[in-house]
Amino acid sequence: MNNYVTEAINLKSYNLNDADKIIVMYSKENGLIKGVAKGIKKPKSKLGARMDLLVANTIQLLKGRSLDTIIQAQTINNFKKSREDFDKLMLSSYVSEIIINLGEGSENASEEIYSLLYKALNKIANSSNKKEMLIATIKFQLKILLIMGFCVELDSCLCCREQVLNENMYFSSKMGGIICEDCNEHLGVKLKMHYKIRDFLQAMLQFDFDFESDYDKKANEKVCQVCFNLLDEYIKTHTNKKQKSIKLIKENLA
Ligand SMILES: [Zn+2]
């Protein structure tokens, strides 16, 4: 088979020559893939805006010796509302950077990851306020970590393995979860976490992406921002890559 068809979301692009670009996409069937968009830099390109970043397409590719070529694309969703809103665009870029950084070697879970990425981009685009878009991003952060095997421990202390039932606990992004007050006397983790934040994160991790629980309704923007930062710290520690969009998000959502 020289041709194949897949659903894919455009994450990154770079120039190949004067006329062509290489598009990095996350595909439903094969995880991270690259394809050449021929003539995309010419005014009359037939692929046109379909090759813009953060567009989901059904694409047809022609297998090549080293690079595949995109021969057809039909847009499923261009997440239009994220193109007109700075915060939405930043969070969408953030989500796509995580996929680029973690995506290699994720082929086995590509359907699950594609679906999570699609839902997150769609929810961010259709959010009516910052709280909603942050919640979508937090759900994405927690669920992508779970899929990739870096799940955050929110139930038991990472040190003594006892369930943490006290009001206060600490969060270690290095260790990847919570530490009880007793153990922290030796460890000295600085980031204190209230059990309500823990419970909120647990709910965000456990419930279906689309399910809107009481936790979603009760949370406020500030709590969401705290959770977002905490998870971002953890992701940074474990991917060793800086998210370019994070600085802008922190400056603008603060
Ligand atoms: Zn402990």
Side-chain angles (χ1 to χ4, degrees), residues 91 94-95 97-99 101-106 108-109 112-113 116 119-120 130-243 245-247 249-250 253-254:
L91 287 171
Y94 173 81
V95 157
E97 278 174 42
I98 290 183
I99 295 285
N101 290 343
L102 290 174
E104 300 270 6
S106 67
N108 292 340
E112 207 181 346
I113 292 174
L116 177 61
K119 281 178 186 174
K130 277 185 192 171
K131 180 188 111 172
E132 275 181 35
M133 55 183 104
L134 279 169
I135 286 181
T137 311
I138 290 165
K139 286 179 180 172
F140 172 85
Q141 289 170 312
L142 286 162
K143 289 175 193 293
I144 193 74
L145 286 167
L146 177 67
I147 299 172
M148 298 301 290
F150 298 112
C151 191
V152 189
E153 175 59 59
L154 295 164
D155 191 52
S156 306
C157 168
L158 282 170
C159 233
C160 64
R161 300 281 160 191
E162 297 278 331
Q163 246 194 327
V164 182
L165 303 164
N166 294 349
E167 285 223 339
N168 288 313
M169 59 199 84
Y170 293 80
F171 185 84
S172 163
S173 44
K174 235 187 209 150
M175 294 171 76
I178 56 170
I179 311 286
C180 75
E181 279 191 302
D182 289 345
C183 291
N184 201 48
E185 283 190 19
H186 318 289
L187 283 171
V189 172
K190 298 225 166 52
L191 187 63
K192 207 169 187 177
M193 191 157 104
H194 194 267
Y195 79 97
K196 281 186 179 168
I197 299 259
R198 187 271 302 271
D199 293 355
F200 171 72
L201 286 172
Q202 236 167 3
M204 295 301 105
L205 176 62
Q206 277 161 10
F207 294 136
D208 262 12
F209 191 94
D210 297 317
F211 179 68
E212 212 185 303
S213 66
D214 281 347
Y215 287 97
D216 296 58
K217 287 172 204 141
K218 282 184 198 152
N220 60 40
E221 196 186 310
K222 206 179 153 208
V223 164
C224 293
Q225 188 68 53
V226 168
C227 293
F228 171 84
N229 291 347
L230 180 143
L231 291 169
D232 175 61
E233 197 59 43
Y234 176 63
I235 290 169
K236 259 195 290 193
T237 312
H238 291 266
T239 60
N240 286 324
K241 282 192 184 158
K242 284 222 167 75
Q243 303 281 129
S245 47
I246 186 69
K247 202 168 155 270
I249 293 169
K250 282 184 175 158
L253 288 179

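For ligands, and for the atoms within them, numbers begin at 1 and follow the listed sequence.
Using bins of under 30°, 30° to 60° and over 60° for the plane-to-plane angle, the ring pair Y215/F207 lands in the tilted bin.
Residues meeting the side-chain contact (heavy atoms from CB on, under 4.5 Å) test with E162, sequence neighbours left out: C160. With sequence neighbours left out, the side-chain contact (heavy atoms from CB on, under 4.5 Å) criterion links K217 to E212, D214. Take K119 and apply the salt bridge (charged side-chain N to carboxylate O under 4.0 Å, His left out) test, not counting sequence neighbours, and it matches D210.
Excluding waters, the protein N/O/S atoms found under 2.8 Å from the Zn ion (ligand 1) are C157 SG, C160 SG, C180 SG, C183 SG.
With K131 contributing its side chain and D216 its backbone, the two residues share a donor-acceptor pair below 3.5 Å.
Residues V95 and I144 are not in side-chain contact: their nearest non-hydrogen atoms beyond the backbone lie 4.5 Å or more apart.
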